[in-house]
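Dropping the structure in here first, questions after.
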Amino acid sequence: MEFHNGRNGGSPEHHTSEGGEHSDADDTHFLFRIGAAYSFHLGESFGIEPAVNLDFVNSEEVWVYGINLTYGW
């Protein structure tokens with residue numbers, strides 16, 4: 001689930017379709033994510049993990065890149 005906080009107070013009366021001030025309402029969307037990551041071990045307990053994910057939310061595709069720090073025992 002993705003929770004979206006509206007901009008500019010989330011008040012629809014401030015919304016303009018072209019230029020100017022933009023606002024939108026608070027909303028909740030179903031999110032589906034697929035991704036891949038690979039863990040590089042640093043010693044016995046720690047690791048670093050580059051990751052890439054593709055989110056499908058509100059009829060849009062959003063690429064998410066990141067680096068995860070991991071710990072295991």
Side-chain angles (χ1 to χ4, degrees):
M1 298 297 288
E2 178 179 86
F3 301 99
H4 178 266
N5 293 322
R7 292 172 282 201
N8 296 329
S11 177
E13 64 268 17
H14 292 105
H15 177 71
T16 59
S17 60
E18 294 184 20
E21 187 176 344
H22 175 76
S23 69
D24 52 5
D26 293 350
D27 213 351
T28 302
H29 301 285
F30 174 76
L31 170 76
F32 179 76
R33 173 177 280 188
I34 58 172
Y38 186 82
S39 184
F40 296 96
H41 297 278
L42 305 173
E44 291 185 27
S45 299
F46 295 95
I48 190 165
E49 189 175 82
V52 61
N53 297 291
L54 178 58
D55 292 351
F56 298 93
V57 60
N58 197 27
S59 302
E60 296 180 20
E61 296 177 359
V62 180
W63 287 96
V64 181
Y65 306 94
I67 295 177
N68 301 317
L69 301 175
T70 62
Y71 176 77
W73 59 87

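Values reported hereafter were calculated over all heavy atoms of this structure, with side chains retained and with hydrogens, waters and symmetry mates removed.
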Heavy-atom closest contact (G35 atom, N53 atom, distance):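 Result for this residue pair: CA-OD1, 3.2 Å.
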Side chains of I48 and I67 in contact at under 4.5 Å (non-hydrogen atoms): yes
For L54 against W63, the heavy-atom pair lying closest together: CD1-CE2, 3.7 Å
Spacing of L42 atom CG and Y71 atom OH [to the nearest 0.5 Å]: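 Here the interatomic distance stands at 13.5 Å.
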Sidechain-backbone polar pair: S45 side chain, W73 backbone, donor-acceptor under 3.5 Å: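 No, the answer is negative, given that no donor and acceptor are paired below the 3.5 Å cut-off.
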Pairwise side-chain contact, H41 with F46, heavy-atom cut-off 4.5 Å (strictly under): no
From CA spacing to verdict: side chain to side chain contact (heavy atoms under 4.5 Å, CB included), I34, F56: CA-CA 9 Å; I34 58 172; F56 298 93; 4.2 Å; yes
Distance flag, aromatic centroids of Y38 and F40, threshold under 6.0 Å: yes
